[in-house]
Amino acid sequence: MRGPFRLLAALRTDVPVLLAGGGAVGTRKARTLGDAGAEVHLVSPEATEELADRADRGEIRWERRRVAAEDFRTHRFAVLALDEATTREVLPLAEGSGCLLCCCALPREGDFALAAQWEHHGFALGVASGGEDPAGAGAMKRRLQRLLEGQNGPAGETHAAPGRDDTKERTP
């Protein structure tokens, strides 16, 4: 069997992403999504202090309840940041909804996995394991960030004028 096709996609930021689960994994996923400009809709009875603070600041929308079938029908994308048992309970709620799922605890059950991603000189870069090794992807991301920042200056610095194609000259 062949592995998954890896795809780095740019999604519209006005399309809310459902995030089910307010624990440590949900916090990391909210950071990834929010930092990329996504509109995050957290559905979870409880949340970490960081998620609660983000909700208080209006950075995410938080509904304090368990995820329901209607949530999947009203979202195009969902990240299930839940443990394996809860993910298995929730998966039937999404069936037939058309919502694409990222299942953090059961990556092979989902439709997509988030990459460990960042922006560097106007480029979106990401490291993906297809959800099989998120810690490894995160570690590789940090190594690449250090490498690129060491060679080309801080991540947010721009070296080219808008519209100018000099990527061959400034990309290692």
Side-chain angles (χ1 to χ4, degrees), residues 3-68 71-72 74-91 93-94 99-120 123-149 154-156:
F5 173 74
R6 306 274 201 270
L7 174 70
L8 182 62
L11 302 176
R12 292 180 18 199
T13 56
D14 62 339
V15 176
V17 176
L18 172 64
L19 174 60
V25 173
T27 301
R28 287 193 306 274
K29 299 305 177 183
R31 244 185 256 135
T32 296
L33 293 164
D35 291 352
E39 184 180 324
V40 178
H41 178 196
L42 172 64
V43 176
S44 179
E46 299 175 358
T48 63
E49 186 175 329
E50 180 179 334
L51 287 173
D53 289 345
R54 283 181 178 251
D56 288 344
R57 291 192 303 267
E59 295 173 12
I60 65 172
R61 189 176 91 179
W62 179 21
E63 289 191 56
R64 292 162 180 84
R65 61 177 175 78
R66 291 182 57 95
V67 69
D71 295 314
F72 297 104
T74 58
H75 290 86
R76 292 182 189 174
F77 302 96
V79 175
L80 304 183
L82 306 164
D83 61 47
E84 285 185 27
T86 307
T87 299
R88 288 187 200 287
E89 291 174 17
V90 167
L91 282 172
L93 300 175
C99 183
L100 297 176
L101 304 177
C102 170
C103 300
C104 299
L106 299 168
R108 293 175 191 248
E109 298 295 320
D111 301 299
F112 71 96
L114 294 174
Q117 53 194 300
W118 75 104
E119 191 167 314
H120 183 77
F123 293 96
L125 303 171
V127 178
S129 68
E132 296 295 327
D133 186 6
M140 181 61 72
K141 167 192 165 182
R142 289 185 294 279
R143 287 181 67 190
L144 289 170
Q145 282 178 306
R146 286 191 302 271
L147 175 70
L148 291 172
E149 289 173 5

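Model, not experiment: these values are computed from the prediction.
To the nearest 0.5 Å, atoms CG (Asp35) and CD (Glu119) are separated by 11.5 Å. We find the SG-CG distance between Cys99 and Leu80 to be 8.0 Å, quoted to the nearest 0.5 Å. To the nearest 0.5 Å, atom CD of residue Glu59 and atom CG of residue Leu42 are 13.0 Å apart.
Minimum interatomic distance between Cys102 and Leu114 (heavy atoms only, all atoms of both residues): SG-N, 4.1 Å. Ala78 approaches Phe72 most closely through the heavy-atom pair CB-CE2, 3.8 Å. Here the shortest heavy-atom pairing between Leu19 and Ala81 reads CD1-CB, 4.1 Å. Nearest heavy-atom pair across Phe112 and Val79 is CZ-CG2, 4.4 Å. Scanning both residues, Leu51 and Ala30, for their nearest heavy atoms gives CD2-CB, 3.4 Å. In this structure, Ala137 and Val127 approach most closely via the heavy-atom pair CB-O, 3.7 Å.
Evaluation of the side chain to side chain donor-acceptor pair (under 3.5 Å) rule for Thr86 yields Asp83 as partners, not counting sequence neighbours. Not a single side chain to side chain donor-acceptor pair (under 3.5 Å) links Thr32 to another residue, sequence neighbours left out. Every residue was checked against the side chain to side chain donor-acceptor pair (under 3.5 Å) condition with Glu39, not counting sequence neighbours, and none meets it. Among residues two or more places apart in sequence or in another chain, the side chain to side chain donor-acceptor pair (under 3.5 Å) test is passed with His75 by His41. Among residues two or more places apart in sequence or in another chain, the side-chain contact (heavy atoms from CB on, under 4.5 Å) test is passed with Glu109 by Leu91, Cys103, Leu106.
Although no hydrogens or angles enter the test, the distance criterion places no donor-acceptor pair under 3.5 Å between the side chain of Trp62 and the main chain of Ala52. The backbone N or O of Ala115 sits less than 3.5 Å from a side-chain atom of Gln117, completing a donor-acceptor pair. Judged purely by atom type and a 3.5 angstrom limit, Arg142 uses its side chain to pair as donor or acceptor with the backbone of Gly138.
Sparse packing is recorded around CD of Glu46, with 12 or fewer heavy atoms of other residues, nucleotides or ligands lying under 6.0 Å away. Atom CZ of Arg66 sits in a sparse spot, with 12 or fewer heavy atoms from other residues, nucleotides or ligands closer than 6.0 Å.
No side-chain heavy atom of Phe77 sits less than 4.5 Å from a side-chain heavy atom of Leu33.
Listed by first and then second residue, the salt bridge (charged side-chain N to carboxylate O under 4.0 Å, His left out) pairs that reach into residues 13-30 are Arg12-Asp14, sequence neighbours excluded.
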side-chain contact (heavy atoms from CB on, under 4.5 Å) evaluation trace for Leu148 with Trp118
CA-CA 12 Å; Leu148 291 172; Trp118 75 104; 4.1 Å; yes
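The only member of Leu101, Leu82, Asp71 that meets side-chain contact (heavy atoms from CB on, under 4.5 Å) when paired with Val90 is Leu82.
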